*Asks:* 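Before I ask anything, let me first share the structure, which is written out below as structure tokens.
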Protein chains: 2
Amino acid sequence: MNYSQIFCEYLKKHDLKNTTERLTVLQVVLAMDKHFDVESLIDRLKSQQKKISRATVYRTMELLVDCGLVTKHRFGENGRVYEPKSERDNHDHFLCVSCGKIIEFYDPEIEGIHQRLCERFGVEILDYSHQLYGKCNKCSG
Amino acid sequence: MNYSQIFCEYLKKHDLKNTTERLTVLQVVLAMDKHFDVESLIDRLKSQQKKISRATVYRTMELLVDCGLVTKHRFGENGRVYEPKSERDNHDHFLCVSCGKIIEFYDPEIEGIHQRLCERFGVEILDYSHQLYGKCNKCSG
DNA sequence: ACAACCATTGAGAATGAGTCTCAATGTCAG
DNA sequence: CTGACATTGAGACTCATTCTCAATGGTTGT
């Protein structure tokens, strides 16, 4: 099942309408760089002569996050950054404060930490955010 | 060396002036709840008849973060939250999305993760952010 | 102690990301 | 096809944070 199909199913299941704006946003999102902000997405839409309002773009991104096709991040003091999510795609981010490079990494021990937290405090974890900031190998020293 | 002394040293070292506004903000910050936002801090200042402008409060918080007396967080979609930092005070946060409760926890394995990242990619970590969102034991189920 | 220099402050304007409004438009079940 | 109602778009709005700049105040050297 591809992204569009998943999105359509999601829309149907929630009694939301299958509009061209929504599908167009999804298409363009999938063609963006891995990490992008809404501003770039809107620029891209404009440059492709797709006239979709800022409000609709924001509204649609929310849906895409909600149906699990996209994840939303906050890196440092900047606004939101989105990232299309692929199956079993579980990673955290390192951001170089000098050049802006983003390194994605996965360390299974993060799950150990979460597991121990749940056991210790009896909480249920729904979501998390884990970012590292520093200098990449080219910028350090 | 107490907080005020550290702050004064910091100011001197950076050729910044030792103003009553700056010291007042520090005093009131130390008397705040563990996690607070700028709005509450400004309210507190007002209620104590200390007239310090919004701009100065923001500017001073930046200094306090820079000199390591306070840490700055972003929890979810909300604005900044500050937290006075004590010696060897290394912890992450769990936030209950239902009741707002904050649990602080420390799991040494977070450092293992960071260590492995440094070795693997040759990066230097300067800072990080790690928050968990979910339901606390009273709100889950 | 004093003057002079320059950092700091405050009030309010400006910014900017994100949200809201509501009339016009589009979707879709029946 | 049509009615019911969800969605869209343009721009107003919000709200946290930053900026501006004239007035104020610390600090240093004498």
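All values reported here derive from a predicted model rather than from experimental measurement.
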*Asks:* Atom CD of B/Glu21 and atom P of C/dA11: how far apart are they, to the nearest Å?
*Replies:* 11 Å
*Asks:* Find the distance between CG (B/Asp107) and CG (B/Asp92) and round it off to the nearest 0.5 Å.
*Replies:*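 Here the interatomic distance stands at 8.5 Å.
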*Asks:* Got a second to check how far B/Phe75's CZ is from A/Arg74's CZ, nearest 0.5 Å?
*Replies:*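 Between atom CZ of B/Phe75 and atom CZ of A/Arg74 there are 13.5 Å.
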*Asks:* Take B/Leu16 and A/Arg74, find for each the nucleotide of DNA chain C with the closest heavy atom, and name the residue whose nucleotide sits nearer the 5' end.
*Replies:*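 Closer to the 5' end of DNA chain C: B/Leu16.
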*Asks:* May I ask you to say what B/Asp37 touches in the nucleic acid, namely base, sugar-phosphate or nothing, with a heavy-atom cut-off under 4.0 Å?
*Replies:*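 No contact.
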*Asks:* Base, sugar-phosphate, or nothing: which does A/Arg22 touch, judged by heavy atoms less than 4.0 Å apart?
*Replies:*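 Counting heavy atoms under 4.0 Å across all strands, the contact made by A/Arg22 is with sugar-phosphate only.
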*Asks:* Are any side-chain N or O atoms of A/Thr19 and backbone N or O atoms of A/Arg22, one a donor and one an acceptor, separated by less than 3.5 Å?
*Replies:*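 Judged by distance alone, yes, a pair lies under 3.5 Å.
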*Asks:* Looking at A/Thr56, is its backbone amide N or carbonyl O close enough to the side chain of A/Thr60 to form a donor-acceptor pair, meaning the two atoms are under 3.5 Å apart?
*Replies:* yes
*Asks:* Take atom CD1 of B/Ile52 and atom P of C/dA11, then tell me their distance rounded to the nearest Å.
*Replies:* 11 Å
*Asks:* Measure the distance from CD on B/Glu77 to C1' on C/dG18 and round it to the nearest whole Å.
*Replies:* 9 Å
*Asks:* Quick one: does any side-chain atom of B/Asp33 pair with a main-chain N or O of B/Phe36 as donor and acceptor, under 3.5 Å?
*Replies:* no
*Asks:* Where does the chain A footprint on DNA chain D start and end, counting 5' to 3' with a 4.0 Å heavy-atom cut-off?
*Replies:* D/dC5 to D/dA10
*Asks:* Of B/Ala55 and B/Lys17, whose nearest nucleotide on DNA chain D comes first from the 5' end?
*Replies:* B/Ala55
*Asks:* By nearest nucleotide on DNA chain D, pick out whichever of B/Arg80 and B/Asp15 is the more 5' one.
*Replies:* B/Arg80
*Asks:* Whole angstrom is fine here: how far is it from CG in B/Asn78 over to P in C/dG18?
*Replies:* 14 Å
*Asks:* Output yes when B/Arg80 and B/Glu62 qualify as a salt bridge under the 4.0 Å nitrogen-oxygen rule, no when they do not.
*Replies:*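 Salt bridge flag = no for B/Glu62 with B/Arg80.
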